[in-house]
Structure formats: C-alpha cells, structure tokens
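The next block holds one structure in the form of structure tokens; read it before the comments.
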Amino acid sequence: MSGAARGTATEERGLRMVTRLALALVVVIPNIVGAGVVLVVAAWVLPLGELVEDDPGALMRNLVAFGAYVIGAVLVGVVWGHFRMRVPRPPGPGADDRAVRRQRKRLRRVVLRGPLRLATVQTVLWAAAVVVFVLINVFASPRLGISVGITVALGGVATVAVTYRLVERVLRRDVARVLNDRPPSGRVLPGVALRAVGSWVLGTAVPLVGVLLAAVASLAFGGYTTDRLALVVLVLGGVALVVGFLVTVLTAMSTAAPVLAVRRAQRQVEDGDYDAEVPVFDTTELGLLQAGFNTMVGGLRERERVRDLFGRHVGEDVARTAMENDVELGGEVREVAVLFVDLVGSTRLAATRPPHEVVEILNAFFAVVIDVVEQHDGWINKFEGDAALAIFGAPTALDDAAGCALRAGREMARRIADELDDISAGIGVSAGEAVAGNIGDTRRYEYTVIGDPVNEAARLTEVAKELDGGVVASGAALSRAGDEAQRWEVVESRVLRGRELDTDLAVPRERAPRSGSSSGVPADSGRRAPSLG
C-alpha cells in the first residue's frame, strides 16, 4: 500500500510500512465512524416504532446484520485496499531499463490514483450494505427497507468523502516523489473546481437531503410528532455540521497546501535564492501550478547563470548596462582614464616553464590585477595574452577617473612586488577623451574603448618595464587627477614609440621595489606592447 518511490531498500521498507499502516487506518476509522452515524440516525431519526409493529424481529435482525456487516466490511476493505494499493518491489541490480520503467509506471499509477482506488473500495462496500439492508427488510416492510437503505446510503456517501480526502493527505509525500521525477502534464484527479463543488455536495448537500427526506416521509406517511420531527432535525443538522466541517477542512487543506508551498518558494526567489523548488504533490491544476513554478525558477536560475557568466566575461557594469538598455552599435566620447599592465619576461617564461605552470602564474597575476582595479571602481576591458587593459570612467562615469587609475597603478605595483615572487610587470596610466561603445557587427560585438589614451597607456608600459617602480603615468593623467596627483612627480619627457610629441612621464614619489623577471633573467624591455587603439 506504499506509494514510496524507489530508494534504498531500508528506506523503501520503512516508508512502505508507514504508508500501509496509515492507509489501513484510513480504511478502518472512517468506516467505523460512518457506521456509528448510521446507527445514530436509525435510532433517533427513523420512526422504528411504527415501522416494526408488523415485524417484531426486525430490530434484532437489523442489529445483528449491522454488527456482522461492519466487521466483515472492515476486514474486506483492509485486505482489498492492500491489493489495490500494492506497489511492486523495485527490480534487482541487474534489471534492464524496460523493467525499471514498468516498475516506475506502476508506482506512479498506484500513487496518483490511490485516493480514487480506496474511495472505490469504500463505495462498493457501502453500496453492498445498501443492497443487503434493503433486502433483509423490504419483504417484511417496504417502507422500512427503503428507509434503512436511504440511511445507509447517506452514511456511505459521507464515509467515502472523508476517506478520499484522508488518502490524499496520507499519500502527499509519495505523490511528491513520483511527480518530482516527472511533473504532471494534465489532470489525474478531479480539478480544483470539482473538488470544491464535491466538498459542498458530500459535506453539506447529502446531510441536508436526509432532512428533506425526513420531511417528505412525515408529509407522506405521518408518524412524526412535533417533538419527534424536532429531534430528527437536530440529529441530521448535527451530522451535517460535523461531516460538513470535516470534509470542508480536509478540502481546504488540500487546496491551500500547494498554494502555500508556492508562496514560500516565491519568497525565497524574491530574496535571491534561485535554488528554491516546490515539491509537486498535487495532480490538479494546483500541481500544474507547482510544476510551472519550478520550470519558471529553473529558467530564472539559468538566466542568472548566463548573466553571471556574461558579467564575468565583459564586466558587471557592462553587463548591467546591456541588459537594462537596448544594445546599439556605435559609441560616445567619454572622459576616461586607462591603465595598461603587461607582464615582464613572458616570452622567456613560456619557453622555460611547463604550460600548466604558466597558466597558474598568469592566473595569480591577473587575480591581483582584477582585485586592485575593482577596488578602485575600474573595469577590466580585455585580456591580451599576458596583458590587461583597465578602464576608469566607462561605462559608469566617475568624478575622478584619472585619480582612481593612478591610485590603482600605485597599489597594483606594490601588491605585485609583495605578493608575487619572481614576477614583475610594467604598468602605464593615461587619461583623456576616448570613444566608448559597442564595436563590431550585430552578429558579434563587444563594448570597448578606443582613443589616444589607450595607445598612450600601452606605450607607457614599455617605459615602466625599465623603471624600478614598474609604473609610470602620463602628464595628461596627472593634470586630470585630484589629490592623487600630489603623490606623483614628473621625472622626464620623451617621445613614445609611434607618437610625435613629447609625453611627460610621472612616477610615484614612493616607489615599490621591483621583483626579478618571472624567468629569472633580465626584463625583456625591448618587447613592444600591443596597440589597442
């Protein structure tokens, strides 16, 4: 009778035993309660005094039959329910895929149709009870046979309704397991609307039908005094209240539980937890809602993953700007500062070290570069082999882009000297107007910065490799910087490679000591930095 999904043998036996016991109680307890309701109604509602006058043995005959049938029906219901809810054992370790699929299909069918199966068992047993009690009374007194049959039928309807709702609750965890493997693609059990209407019919309408029948019997046959009719109304009204409340509560719980589960998961998503997932344990439209929520969150999770990867490739600011605005080719003139950093001795490094060591050295080097640039509100525009280009002031404007770039240059030189053994780099800083925007074609483009500051920063790295501090800035960067400019001093002017006019060269007043080249040989100061302009 378990709806447990496949798992370890110990877990499956434990779950199967717990579920089997719970379902057995669901079969037994509602039947006993329903039988008690029938007994109360028969004793206090039916005018047995008038009905059994012509058949003195009717009362004893009905009581004996009632007791015997209740015991027999409970035993038959438990055994029959066991076979209706029997789940096959999972195939052994060597079973083929076809056997595994058959077992899962059988498990899914048993679990999802469990409430309907056990409700069917109860319906058959109570329908048989109606037939039995009508037959043992109708020949002695047709009116008695019909009255008893109607009473048993009303008790059966209430019992079946309660059983259905209880089985739904017992199997909820097992339903979640089979539906999480394969979410529902359509309704298996009655939908939400039918569930609500059925709750009213079974919990309210059926007991009220008993009141109407009592009134009809009183008008048609008499036999009801005023006090007797008042007692009938009280008993049937009380049964309607109790049964109606129980069925309504169980229905409300079945309807509210999936919605509350989705609401809890929704709050997790609102808090930024895209790993939230709702267990799918309802096969009505609410189950489709749960499965749809999981699909939606899966899409959001994938979107966030793509956004994270996108941000890692192009930078968070560029990614945010691209996602918040329509992307257009072209650019705009911006006041920016540029920092170019190039590893010293990389050619000899690649020739003398194994490839995996070269990658480790480059990753350690770029980790420092990225950390420093981000701390000073910059953005890594691109990596060029063993070099990196950082932009300050685009795509997000900065009040003191040149000052941020100069501070980043000083800090980067210090950290490379302190944290990276046998590694040194040339760092060039420049500033000025440049074009920032999306360059390329609609099929493939990138956000970048093009202009004289980029070229100048690249050329300055060649000079920086010759200097002890490893970092040099242009006079244009100092003239645009704020208080940071006071920490630098102009040491000379020269015409940089590929340029026509002199460039003022500035270095920090307090210089970081240079490390040796990464290959253990003098720096290849003659190596040309690439032009990115």
Side-chain angles (χ1 to χ4, degrees), residues 1-7 11-35 68-91 99-132 152-153 155-179 181-182 184 186-191 194-195 198 202 247 250-251 254 280-284 287:
M1 296 172 65
S2 173
R6 294 184 63 214
E11 290 174 345
E12 214 167 301
R13 280 196 297 269
L15 289 171
R16 182 172 296 159
M17 184 178 299
V18 170
T19 307
R20 183 184 298 145
L21 177 60
L23 292 178
L25 293 175
V26 167
V27 171
V28 172
I29 295 176
N31 272 291
I32 294 176
V33 173
Y69 192 86
V70 169
I71 296 175
V74 168
L75 294 177
V76 171
V78 171
V79 175
W80 191 9
H82 167 75
F83 284 102
R84 291 281 287 169
M85 296 296 294
R86 184 172 55 181
V87 176
R89 291 186 178 274
V100 173
R101 286 195 299 269
R102 282 199 304 266
Q103 192 274 342
R104 288 179 177 174
K105 186 176 180 180
R106 165 69 174 168
L107 173 64
R108 182 182 180 91
R109 185 167 58 249
V110 168
V111 170
L112 296 185
R113 297 187 181 274
L116 187 60
R117 290 188 173 202
L118 288 185
T120 302
V121 171
Q122 300 284 56
T123 301
V124 171
L125 293 175
W126 281 90
V130 172
V131 174
V132 168
V152 174
V157 170
T159 301
V160 171
V162 173
T163 299
Y164 189 95
R165 295 291 177 252
L166 290 176
V167 174
E168 277 188 330
R169 184 64 184 88
V170 170
L171 291 178
R172 180 176 297 174
R173 180 176 297 179
D174 303 296
V175 170
R177 290 179 177 175
V178 299
L179 289 184
D181 290 338
R182 182 160 62 93
R187 291 180 297 173
V188 178
L189 301 178
L194 186 57
R195 177 185 288 178
L202 299 176
V247 173
L250 292 175
T251 303
S254 299
V280 183
F281 54 80
D282 194 290
T283 54
T284 66

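Here the structure is a predicted model, which means the values were calculated and not measured.
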Taking side-chain hydrogen bond (donor to acceptor under 3.5 Å, both in side chains) as the test, write out the residues that go with Thr159, two or more places apart. none

Atom of [X], atom of [Y] and distance for their closest heavy-atom approach:
X      : Y      : value
Arg84  : Arg117 : O-NH1, 2.8 Å
Ala129 : Val152 : CB-CG1, 3.8 Å
Ala119 : Tyr164 : CB-CD1, 3.7 Å
Leu125 : Tyr69  : O-OH, 2.5 Å

Under the side chain to side chain contact (heavy atoms under 4.5 Å, CB included) test, residues paired with Val28 that sit two or more places apart: Ile32, Val74, Val78

Any side-chain heavy-atom pair from Leu25 and Leu166 closer than 4.5 angstrom? no

